Amino acid sequence: MSRSSAAIRTSRPAISDHAAFLDRLSNLLRAREYTLVRAEFGREATRAVWMLTIQLPNQHVLTLRAPLEPSEEPFSPKVCEDIAKRVIAHLAK
Amino acid sequence: MSSTDEEIDKALARLKSAISARVRAEQLRDQLTNLPNLAGLNEDIGKRLADAKPFWVAFVEVDRFKSINDEFTYENADALLKRIAEQLTTCLSFFSDTTTAYRAHGDEFYLLGALPPGIEGKKAISKALEMVRNNIAAIRVTVEGRGTMQCTVSVGWICSTDLPFATDRRIVSGVERALAEAKHKRDCVVRYKKSFETRHDTISLRSDCRKCGAKFSLDLKRDMNRPRTKLSCPNCKALIDRPPAPPPPPKPPATKTI
């Protein structure tokens, strides 16, 4: 199942870095038949966090929390690929 | 391509870049007060979220601004808004260097700044916001033939650390709730509390009175739904059954850390 990136609800659609990040992450996950439903970027007490809602091929939806290191640039391609790897590794368990 | 063509291309690229930068700057600026606007605020909140340091946002709104508009005309009310913007800019010296003032629209202003560490930092922000409120209340703008314009403001504010998971939308929603609380009290400074999330929720009760048969519709505050609350028919004053307890808010889905 695929979903266009425009349909993804984002917390900050105005920032192009943010949109590019979501497009990239969505594409990386779609290659494994996972659909990125929602991605919220925010911060907890001490660190920045991506909160991702993902739909599995069996239509189940789950929310994953991906904390970032303080040194990581939250919208960078490197972090995007790292998060995609973490999601895929977690879902493959 | 000749060297002249290359130079023209480079000059055109520079011009295009300068125009883009100028247009972007205009998009992020309020025309009346020259302060950054709502788009600028959203962009800066996004940058602060990505930064490792906590921050605070204050929402400053003029009390009864409509009556000022009605009494002194829109043009004069705009002059008052300009004075408030100037005063806010002056008051930035009460805060850290990185604090910025914004005008979202109408009589709505915001302040955004880095949060000093510890409980003392929060107290200092609260105290400084009180000073901002007092300084704005001291503004007087004389309008010939109509009198003197003056106003009070209500201020709601929130720290990014007040929320377990702070996003731009949750920050803005939280500061709006704090402002609603401040507006309710009027002319004061209120910091966001978690309890504000439920305080203004209402339950709509529509029923028929068993005694007189009158149909009625009541909007009850959530707080009124406690067992001891007695409700009566607006027509015959007969006691009526308490409405059923509202369903608890849906639990957020369990999240797993990856």
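What you see is a predicted model, and the numbers here were worked out from it, not measured in a lab. Chain identifiers are assigned alphabetically (A, B, ...) following the order of the sequence lines, protein sequences preceding nucleic acid strands; residue numbering begins at 1 within each chain.
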| request: Select one option (side chain, backbone, both, neither) describing which atoms of A:Val87 are under 4.5 Å from chain B's heavy atoms. | output: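 Both parts, backbone and side chain.
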
Would you name the heavy atoms of [X] and [Y] that are closest together and state the gap between them?
X: B:Ile258; Y: A:Arg86; result: O-NH2, 3.0 Å
X: A:Arg43; Y: B:Pro54; result: NH2-N, 4.3 Å
X: B:Leu49; Y: A:Ala48; result: O-CB, 4.3 Å
X: B:Ala50; Y: A:Phe75; result: CB-CE1, 4.5 Å

Is any side-chain heavy atom of [X] closer than 4.5 Å to a side-chain heavy atom of [Y]?
X: A:Leu62; Y: B:Lys256; answer: no
X: B:Thr255; Y: A:Leu64; answer: no
X: A:Phe41; Y: B:Thr167; answer: no

Heavy atoms from other residues, nucleotides or ligands near [atom1] of [X] exceed 12 (cutoff 6.0 Å):
X: A:Arg47; atom1: CZ; value: yes
X: B:Lys82; atom1: NZ; value: no
X: B:Glu75; atom1: CD; value: no

| Between A:Glu40 and B:Arg169, does at least one N-O distance fall below 4.0 Å, as a salt bridge requires? |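 Looking at B:Arg169 together with A:Glu40, the answer is no, because their closest N to O distance does not fall below 4.0 Å.
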
| said: Any donor-acceptor pair under 3.5 Å linking the side-chain atoms of B:Thr257 with those of A:Arg65? | reply: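 Yes, because at least one side-chain N or O of A:Arg65 sits under 3.5 Å from a partner of the opposite role on B:Thr257.
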
